[in-house]
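To start, the structure itself, in structure tokens.
The chain is numbered in sequence order, starting from 1. The structure presented is a predicted model; accordingly, all values stated were derived computationally and were not measured.
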Amino acid sequence: MKRTLLKLIILSVFHVLVGRSIAEQPVSLFEQFNRIRSDEEAVVAFIRSLSKQQVFDLCNQYGAAVDGGVEGNEGMLIEVALMEVKQKEGISSSDLLTCAGVDTASVHWRRLALRYASGTGSFVEKQQIDSESALRSYSGIITNTAVAPVLRGEACEASARVLVDGYFMAACGTMDRDKSHRALIRTADTGPCRTQDRKAAAFIDLVLTLAQEESTPEDVRGNSIPKALRMIIHERGLKTPRFDQVQGLSERESDRSSDPKRLPYEKLLREVRVAAAEVEKEPK
């Protein structure tokens with residue numbers, strides 16, 4: 001009788017402790033958001049109450065829901081949250097690259113962090129981006145075979161955007177992509193432009209090598225690499241470092257016209273031919 005009573009007491013205590021443990025489990029930031037997501041004002045107030053790191057954590061948790069198919073990738077939570085942080089205390093490219101570098105973070109969040117760190121989305125000030133640091137971070141992801149291909153491709157295209165912005169600043173003193181500046185960028189041969197050429201050459205050498213390696217994921221080889229090269233040639237034209245090698249690659253890959261995955265290379269080849277047909281003129 002006493003033994004049975006003791007067992008009952010132990011079981012009762014156990015259930016109380018388990019129940020208390022469950023009750024004390026913290027509610028995730030994403031769960032808190034889900035409870036109020038239908039109330040726009042409440043959502044904004046909730047985001048404003050969070051620290052910058054907590055907002056990044058919320059973005060990561062939302063990204064995990066996207067990765068798992070629970071949320072669609074068109075959701076605006078991350079964009080809204082980042083804009084609130086920008087207005088409250090500012091976001092740097094380095095902040096976002098740090099988030100993108102966390103191996104355990106969600107792929108969706110890492111991809112957007114890579115994209116926004118390059119200046120897309122107006123969450124960071126382009127003029128404040130440390131291009132050398134950003135390009136090193138992107139190169140590390142591009143060459144990391146353990147990283148998801150979608151992230152390697154995103155880093156590739158982000159690198160090209162950073163390089164193009166650098167050319168605008170070097171040749172025109174502004175990162176505003178005004179078409180009227182293009183003629184100057186395509187002919188400028190100043191010290192800052194030559195410095196930018198060296199950065200571009202390092203990137204182009206990297207992707208030309210990856211484009212010819214069978215181990216490089218197909219979406220990176222056949223989509224992101226030609227897109228990135230096209231972005232640079234579109235602005236720098238014939239003065240693009242390794243122009244001849246890029247031309248050769250685009251011609252070889254475009255010959256495989258029966259493969260629909262070669263379309264980005266066909267677009268790159270058209271851009272190369274437009275640049276090759278131009279006669280260089282000194283800026284007035």
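- At least one side-chain heavy atom of Arg152 sits less than 4.5 Å from a side-chain heavy atom of Thr145.
- Taking Asp197 as the reference, Tyr167, Arg236 meet the side chain to side chain donor-acceptor pair (under 3.5 Å) condition, with sequence neighbours excluded.
- For the atom pair Thr174 OG1 and Lys126 NZ, the distance stands at 9.0 Å (nearest 0.5 Å).
- For the residue pair Asp57 and Gln53, a side-chain donor N or O sits within less than 3.5 Å of a side-chain acceptor on the partner.
- Heavy-atom minimum distance, Phe203 versus Ala228: CZ-CB, 3.9 Å.
- With a 6.0 Å radius and a threshold of 12 heavy atoms from other residues, nucleotides or ligands, Glu40 has its CD atom at or below the threshold.
- Using a 4.5 Å heavy-atom threshold, the side chains of Leu135 and Leu163 count as touching.
- At least one side-chain heavy atom of Lys86 sits less than 4.5 Å from a side-chain heavy atom of Glu125.
- Ile141 and Ala100 make their closest contact through CD1-O, 4.5 Å (heavy atoms, listed as atom of the first residue, atom of the second, distance).
- Contacts of Arg182 classified as side chain to side chain donor-acceptor pair (under 3.5 Å), with partners at least two apart in sequence or in another chain: His234, Glu235.
- Inspection of the Thr98 and Asp95 side chains reveals no N or O donor paired with an N or O acceptor under 3.5 Å.
- Counting heavy atoms from C-beta on, the side chains of Met169 and Asp165 never come closer than 4.5 Å.
- The local environment of CD in Glu41 is sparse, with at most 12 non-hydrogen atoms from other residues, nucleotides or ligands closer than 6.0 Å.
- The shortest non-hydrogen separation linking Glu154 to Arg111 is OE1-NE, 2.8 Å.
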Item to complete: For Ile233 and Phe243, run side-chain contact (heavy atoms from CB on, under 4.5 Å): C-alpha distance rounded to whole Å, both residues' side-chain angles, the deciding distance at 0.1 Å, then the answer.
Response: CA-CA 8 Å; Ile233 289 179; Phe243 183 88; 4.2 Å; yes
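- Under the 4.5 Å side-chain criterion, counting only non-hydrogen atoms from C-beta, Asp103 is in contact with Arg110.
- Counting heavy atoms from C-beta on, the side chains of Tyr138 and Leu97 come closer than 4.5 Å.
- Closest heavy-atom contact between Ile36 and Phe46: CD1-CB, 3.6 Å.
- Considering CD of Gln212 and CD of Glu253, their distance stands at 8.5 Å, rounded to 0.5 Å.
- Atom CD1 of residue Ile78 and atom CG of residue Asn60 lie 8.5 Å apart, to the nearest 0.5 angstrom.
- In summary, the side chains of Ser139 and Arg136 do not present any donor paired with an acceptor at a separation below 3.5 Å, with no hydrogens or angles considered.
- Across all non-hydrogen atoms, the minimal contact from Ser250 to Tyr265 is CA-CD2, 4.1 Å.
- By the 30° and 60° cut-offs, the orientation of the rings of His108 relative to Tyr62 is tilted.
- A distance of 10.5 Å separates OG1 of Thr209 from CD of Gln245, quoted to the nearest 0.5 Å.
- Cluster membership for Val102 and Leu151, using ILVMFWY side-chain heavy atoms within less than 4.5 angstrom, is not shared.
- Distance check, rounded to the nearest 0.5 Å: CZ of Arg221 to SG of Cys156 gives 13.0 Å.
- Nearest heavy atoms, Leu208 versus Arg242: CD1-CB, 4.3 Å.
- Under the 4.5 Å side-chain criterion, counting only non-hydrogen atoms from C-beta, Leu229 is in contact with Leu249.
- Clustering of Ile, Leu, Val, Met, Phe, Trp and Tyr by side-chain heavy atoms under 4.5 Å joins Leu269 with none of the others.
- Distance CZ/Phe56 to OG/Ser51: 9.5 Å, rounded to 0.5 Å.
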